[in-house]
Amino acid sequence: MPRTMSAPRLTQQDCSNCPIRHSAVCARCEADELERLESVKYYRSYKAGQQIAWAGEPLDFVGSVVEGVATLTQTMEDGRRQMVGLLLPSDFLGRPNRAKATYDVVATTDLVLCCFRQKPFQELLLDTPHISQRLLEMTLDELDAAREWMILLGRKTAREKIASLLSIIARRDASLRENPAEQTVVFDLPLTREAMADYLGLTLETVSRQISALRRDKVIVLEGKRHVTVPDFDLLMSETGDDSDGGIFG
């Protein structure tokens with residue numbers, strides 16, 4: 001039988017004030033297309049730690065993360081659990097024409113989703129080329145990110161893995177701000193160090209040691225355990241082991 005979850009809180013938000021308006025699946029929509037989306041959307045809010053979906057069980061909606069972060073987790077046959085991805089603001093949850101969730105999805109912070117029922121959204125994809133084109137772009141970006149993550153897990157040092165994860169979160173934060181060209185980025189780390197260790201294939205001790213080293217070398221400034229300031233984004237990118245120049249728009 002399907003497992004039960006506590007009901008999400010329902011909220012409302014105006015598309016014109018949406019923080020992900022220019023980066024989510026609706027980014028390319030014209031005014032009339034946005035009006036049609038507006039007529040069928042609804043919002044769900046989840047508390048940190050609340051289950052959003054169970055792998056293999058019905059998921060009757062798709063949607064975009066408006067605020068907050070969620071984890072994607074796979075449970076293996078022997079019961080072990082592996083975190084396989086993060087959903088950050090503007091990321092898309094669910095797949096059209098797929099009635100069941102592929103992974104366990106859990107809110108790691110308070111989270112808001114902009115949701116669409118499966119059938120109305122499938123109709124929108126057929127009738128609204130800008131939505132289907134943008135969803136294809138996002139899917140290809142997700143594929144590229146998955147390939148890059150394979151390199152990160154298999155080839156990078158522990159320090160490079162930590163720096164890479166921080167840079168991913170910092171880039172996303174910068175992309176949602178009005179002035180993303182600034183080199184200083186400030187964000188709250190959405191994962192505990194235990195979750196970071198699980199996600200990166202490291203031990204808790206290694207994660208703590210490498211974060212302390214980045215802090216000591218002034219690559220990051222840390223207040224408490226979660227509040228991170230990156231004074232120089234290029235310096236952080238130089239620690240990731242990537243060949244790119246690491247600019248915010250790179």
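Reckoned from all heavy atoms, side chains included, excluding hydrogens, waters and symmetry mates. Numbers for residues simply follow the sequence, beginning at 1.
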Give every residue pair that meets the salt bridge (Lys or Arg N to Asp or Glu O under 4.0 Å) criterion with at least one member in residues 123-142, sequence neighbours excluded.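 Salt bridge (Lys or Arg N to Asp or Glu O under 4.0 Å) check on residues 123-142 returns Arg28-Glu137, Arg36-Asp127, Arg95-Glu142, Arg134-Glu137.
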Asp217: what forms a salt bridge (Lys or Arg N to Asp or Glu O under 4.0 Å) with it, not counting sequence neighbours?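 With sequence neighbours excluded, Asp217 shows a salt bridge (Lys or Arg N to Asp or Glu O under 4.0 Å) to Arg159, given in chain and number order.
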Tell me every residue that passes salt bridge (Lys or Arg N to Asp or Glu O under 4.0 Å) with Arg226, counting only those two or more places apart in sequence or in another chain.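 Arg226 satisfies salt bridge (Lys or Arg N to Asp or Glu O under 4.0 Å) with no residue once adjacent residues are dropped.
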Indicate yes or no: at least one non-hydrogen side-chain atom of [X] is less than 4.5 angstrom from one of [Y].
{"X": "Leu59", "Y": "Arg98", "value": "no"}
{"X": "Leu135", "Y": "Leu125", "value": "yes"}
{"X": "Leu86", "Y": "Ile168", "value": "no"}
{"X": "Asp198", "Y": "Thr73", "value": "no"}
{"X": "Leu126", "Y": "Gln122", "value": "no"}
{"X": "Val230", "Y": "Phe187", "value": "yes"}
{"X": "Leu166", "Y": "Leu189", "value": "yes"}
{"X": "Asp104", "Y": "Gln51", "value": "yes"}

Measure the [atom1]-[atom2] distance between [X] and [Y] for me, rounded to the nearest 0.5 Å.
{"X": "Met196", "Y": "Glu194", "atom1": "CE", "atom2": "CD", "value": "10.5 Å"}
{"X": "Arg215", "Y": "Glu223", "atom1": "CZ", "atom2": "CD", "value": "9.0 Å"}
{"X": "Cys29", "Y": "Ile131", "atom1": "SG", "atom2": "CD1", "value": "4.0 Å"}
{"X": "Tyr199", "Y": "Thr71", "atom1": "OH", "atom2": "OG1", "value": "10.0 Å"}
{"X": "Lys41", "Y": "Leu113", "atom1": "NZ", "atom2": "CG", "value": "13.0 Å"}
{"X": "Thr109", "Y": "Asp188", "atom1": "OG1", "atom2": "CG", "value": "9.5 Å"}

Quick one: does any side-chain atom of Thr184 pair with a main-chain N or O of Pro231 as donor and acceptor, under 3.5 Å?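 Yes, the answer is positive, given that a donor and an acceptor are paired below the 3.5 Å cut-off.
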Under 3.5 Å, side chain of Glu57 to main-chain N/O of Ala101, donor-acceptor pair present?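 It does not hold such a pair.
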CA sep, side-chain torsions, deciding dist, call: Phe116, Leu37, side chain to side chain contact (heavy atoms under 4.5 Å, CB included): CA-CA 9 Å; Phe116 306 91; Leu37 274 175; 3.4 Å; yes
Transitive ILVMFWY side-chain link [X] to [Y], under 4.5 Å:
{"X": "Leu136", "Y": "Val62", "value": "no"}
{"X": "Leu222", "Y": "Val219", "value": "yes"}
{"X": "Leu202", "Y": "Leu214", "value": "yes"}
{"X": "Val186", "Y": "Val221", "value": "no"}
{"X": "Ile20", "Y": "Tyr43", "value": "yes"}

Would Met237 and Arg171 count as a side chain to side chain contact (heavy atoms under 4.5 Å, CB included) if you check the C-alpha gap in whole Å, the side-chain angles of each, and the deciding distance to 0.1 Å? CA-CA 10 Å; Met237 287 301 301; Arg171 280 181 187 232; 3.1 Å; yes
Heavy atoms from other residues, nucleotides or ligands near CD of Gln133 exceed 12 (cutoff 6.0 Å):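 Counting other residues, nucleotides and ligands, CD of Gln133 exceeds 12 neighbours.
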Give a yes or no on whether Tyr103 atom OH has more than 12 heavy-atom contacts from other residues, nucleotides or ligands under 6.0 Å away.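 Atom OH in Tyr103 is not packed in, count stays at 12 or less.
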Partner of Leu111 by side-chain contact (heavy atoms from CB on, under 4.5 Å), out of Ile52, Leu87, Val69, Val66: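 Testing Leu111 for a side-chain contact (heavy atoms from CB on, under 4.5 Å) against Ile52, Leu87, Val69, Val66 leaves exactly one candidate, Ile52.
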Residue that, paired with Ile220, satisfies side-chain contact (heavy atoms from CB on, under 4.5 Å) out of Ile211, Val185, Ile162: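 Among the candidates, only Ile211 passes.
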Applying side chain to side chain contact (heavy atoms under 4.5 Å, CB included), run through Thr240 and Lys156 and close with a yes or a no. CA-CA 8 Å; Thr240 66; Lys156 291 191 176 186; 4.2 Å; yes
Look at the aromatic rings of Tyr42 and Phe61 and report parallel, tilted or perpendicular, splitting at 30° and 60°.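 Tyr42 and Phe61: perpendicular rings.
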Side chain to side chain contact (heavy atoms under 4.5 Å, CB included) between Arg21 and Leu34, intermediate numbers included: CA-CA 10 Å; Arg21 168 67 180 87; Leu34 198 62; 3.4 Å; yes
